[in-house]
Amino acid sequence: MRTRVAIIGAGPAGLLLSQLLHVEGIDCMVLEQRDRAHVEGRIRAGVLEQATADLLERVGADSRLRAHGLRHDGFDLVVDGEMFRIGLRDLTGAGVVVYGQTEVVRDLIEAGLQRGTPLLFDAQGVRLHDIDGSAPFVTFEHDGGEQTLACDFIAGCDGFHGVSRAGLSPELGSAFERVYPCGWLGILAEAPPCHDELIYSNHERGFALASMRSRTRSRYYVQCALDDRLEDWSDERLWNELAVRLGGRAAEAMTRAPAIEKSIAPLRSFVFEPMRHGRLFLAGDAAHIVPPTGAKGLNLAASDVRYLAEGLIRFYRRGEAEGLEAYSRKALARVWKAERFSWWFTGLTHRFPDMDPFARRLQAAELDYLRSSRAAQTTLAENYVGLPL
Ligand code: RFL
Ligand code: PHB
């Protein structure tokens, strides 16, 4: 088998890249280790920057997003029970779209199948070869047989635990990492949201977030201990904790329905530089991770593949390699700004077990400043809606 661009991973990064290339007539093939139902069933992100929504429009995967995406012009912050609003549109002229990653992935798979993009699910044992030479190839098992896919370039879009970055020897790059002393416990419930915008709460018992997937489906998170297990958190305990941490108005409006999904995720910041190694380009979570507080992970995956698609399109249309050579530098400039923002917003909203009284006073002062300063709110809002590409 042969293709121009072998894409490893059918998450948002790999699927979106495949469509950005396919609409330009550039052959590519996506190799995904899991089956389609698993890929479409994963509950993850929920907030899209306008630039991400625009990319979905560009590849014709936006009809359900236009019909069902919820446009949000602001969100609320609760500090020890008191709520104030960050008016995103008023402060920046832009908003965000609340639409589940699950739906984004479904829409991209559907667009790919309609367009005839080769999407291979259940591709096991993917291995990359000769990324430093001029004729790289990928081997994998599919339908009980060993397969070889020859290509010009490989896009490593296989997430944080994938093989693309793991196969590089560590001395080829630099890894930067922060691990946070807590996790997020998330719950999805068939219940109307408790508020028409998202609520981020800093409470003495820890962070909480009220989010949503639609007008009938809610998504909530609470900060939990790293060694907490799902069995420790009955639905009842979780709803009670949310009510305490989100406070007054939200607690009263919250509909306590049984969890249809519940999971614990650790919080991590991670960047691997550079994002190019020979003919391998890393994109999305394969190259970097942010804590979910700033809602940046999926949006960074989208901006990475936009830069990468631009480089590949220029290469195939005009034979120019400059766009590909600039890929890592351009992507990392945006990645690091989102890393900074996600780290900062996490620190502002969480109560870490190792926080000393001095750090806590600084946090309280910063929240107080944010409440009263339009300049501080604008800085937060600009980053939240997404910095320019
Ligand atoms: P993904 O989504 O992990 O997809 C990688 C794909 O590669 C496959 N794969 C392999 N395929 C072949 N061979 C192998 N050896 C393979 N190894 C792995 C995997 O099966 C998978 O299909 O990475 P991608 O595409 O880079 O997308 C990144 C996003 O998924 C991620 O950044 C976001 O979900 C992060 N995130 C959020 N991002 C936002 O922008 N806004 C949010 O509101 C937001 N909320 C969140 C989040 C992540 C969360 N968790 C679970 C960590 C909320 C949470 C709780
Ligand atoms: C979500 O709805 O999953 C979500 C929303 C906002 C965040 C993180 C996650 O900051």
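In listed order, ligands and their atoms are each counted from 1. Because the structure is predicted, anything quoted here is derived from the model rather than measured.
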query = Does G186 have a heavy atom less than 4.0 Å from any atom of ligand 1?
reply = no
List every atom of ligand 1 that sits less than 4.0 Å from any heavy atom of [X], numbering the atoms from 1 in the order shown and giving each element.
X: G159; answer: 3 (O), 5 (C), 23 (O)
X: R34; answer: 20 (O)
X: V47; answer: 41 (N), 43 (O)
X: K296; answer: 39 (C), 40 (O)
X: V163; answer: 15 (N)
X: V126; answer: 13 (N)
X: G162; answer: 17 (N)
X: G284; answer: 26 (O)

With a heavy-atom distance limit of 4.0 Å, tell me whether [X] approaches ligand 1 through its side chain, its backbone, both, or neither.
X: H161; answer: neither
X: L298; answer: both
X: Q33; answer: both
X: C157; answer: backbone
X: L31; answer: backbone

query = Of the listed options (R42, E40, R44, Q124), which comes nearest to atom 21 (C) of ligand 1 when hydrogens are ignored and any heavy atom counts?
reply = R42
message = Going by the closest heavy atom to atom 46 (C) of ligand 1, which one wins out of A45, G11, G297?
response = A45
Enumerate the atoms of ligand 2 whose separation from the nearest heavy atom of [X] is less than 4.0 angstrom.
X: V47; result: 5 (C), 6 (C)
X: R44; result: 3 (O)
X: L198; result: 5 (C), 6 (C)
X: Y200; result: 6 (C), 7 (C), 10 (O)
X: P292; result: 7 (C), 8 (C), 10 (O)
X: G46; result: 1 (C), 2 (O), 3 (O)
X: Y221; result: 1 (C), 3 (O), 4 (C), 9 (C)

Around [atom], find the nearest protein heavy atom and jot down its residue, atom name and distance.
atom: atom 53 (C) of ligand 1; answer: Y221 OH, 3.6 Å
atom: atom 50 (N) of ligand 1; answer: A265 CB, 4.3 Å
atom: atom 8 (C) of ligand 1; answer: E32 OE1, 3.2 Å
atom: atom 25 (O) of ligand 1; answer: A13 N, 2.9 Å
atom: atom 2 (O) of ligand 2; answer: S211 OG, 2.6 Å
atom: atom 31 (C) of ligand 1; answer: D285 OD2, 3.3 Å
atom: atom 33 (C) of ligand 1; answer: Q101 OE1, 3.4 Å

Can you confirm whether or not the ring centre of [X] sits under 6.0 Å from the ring centre of [Y]?
X: F341; Y: W336; result: no
X: Y180; Y: W343; result: no
X: Y200; Y: F75; result: yes
X: H288; Y: F270; result: no
X: F272; Y: H277; result: yes

Is any side-chain N of the basic residue among [X] and [Y] closer than 4.0 Å to the acidic one's carboxylate O?
X: R213; Y: E103; answer: no
X: D76; Y: R85; answer: no
X: E241; Y: R237; answer: no
X: E110; Y: R106; answer: no

request  = Report yes or no: is the cationic atom of R165 (NZ for Lys, CZ for Arg) under 6.0 Å from the centre of the six-membered ring of F160, at an angle within 45° of the ring normal?
outcome  = yes
inquiry  = Using a 6.0 Å distance limit plus a 45 degree cone around the ring axis, check whether R279 lies over the aromatic ring of F153.
reply    = yes
Can you confirm, on distance only, whether ligand 1 has an N/O atom lying under 3.5 Å from any N/O atom belonging to [X]?
X: P12; answer: yes
X: F160; answer: no
X: R219; answer: no
X: G46; answer: yes
X: V39; answer: no
X: N299; answer: yes
X: A123; answer: no

task = Indicate yes or no: does an N/O atom of R219 lie under 3.5 Å from an N/O atom of ligand 2?
result = no
query = What distance separates R334 CZ from E339 CD, expressed to the nearest 0.5 Å?
reply = 12.5 Å
key: Common cluster, L56/L20, ILVMFWY with side-chain heavy-atom separation under 4.5 Å   = yes
request  = Say whether, by atom type as modelled, one donor and one acceptor occur between the side chain of D304 and the main chain of A331 under 3.5 angstrom.
outcome  = no
ask   = How are the rings of H350 and F207 set to each other: parallel, tilted or perpendicular (split at 30° and 60°)?
value = parallel
query = Taking L185 as the fixed residue, which of D232, L242, L230, D228 is the one that meets the side-chain contact (heavy atoms from CB on, under 4.5 Å) rule?
reply = L230
query = What do we get for A295 next to ligand 2 when only non-hydrogen atoms under 4.0 Å count, side chain, backbone, both or neither?
reply = both
task = Using a 4.0 Å heavy-atom threshold (strictly under), name the region of T293 that reaches ligand 2: side chain, backbone, both or neither.
result = backbone
task = Could you establish whether R213 and ligand 2 come within less than 4.0 Å of each other, counting only heavy atoms on the residue side?
result = yes
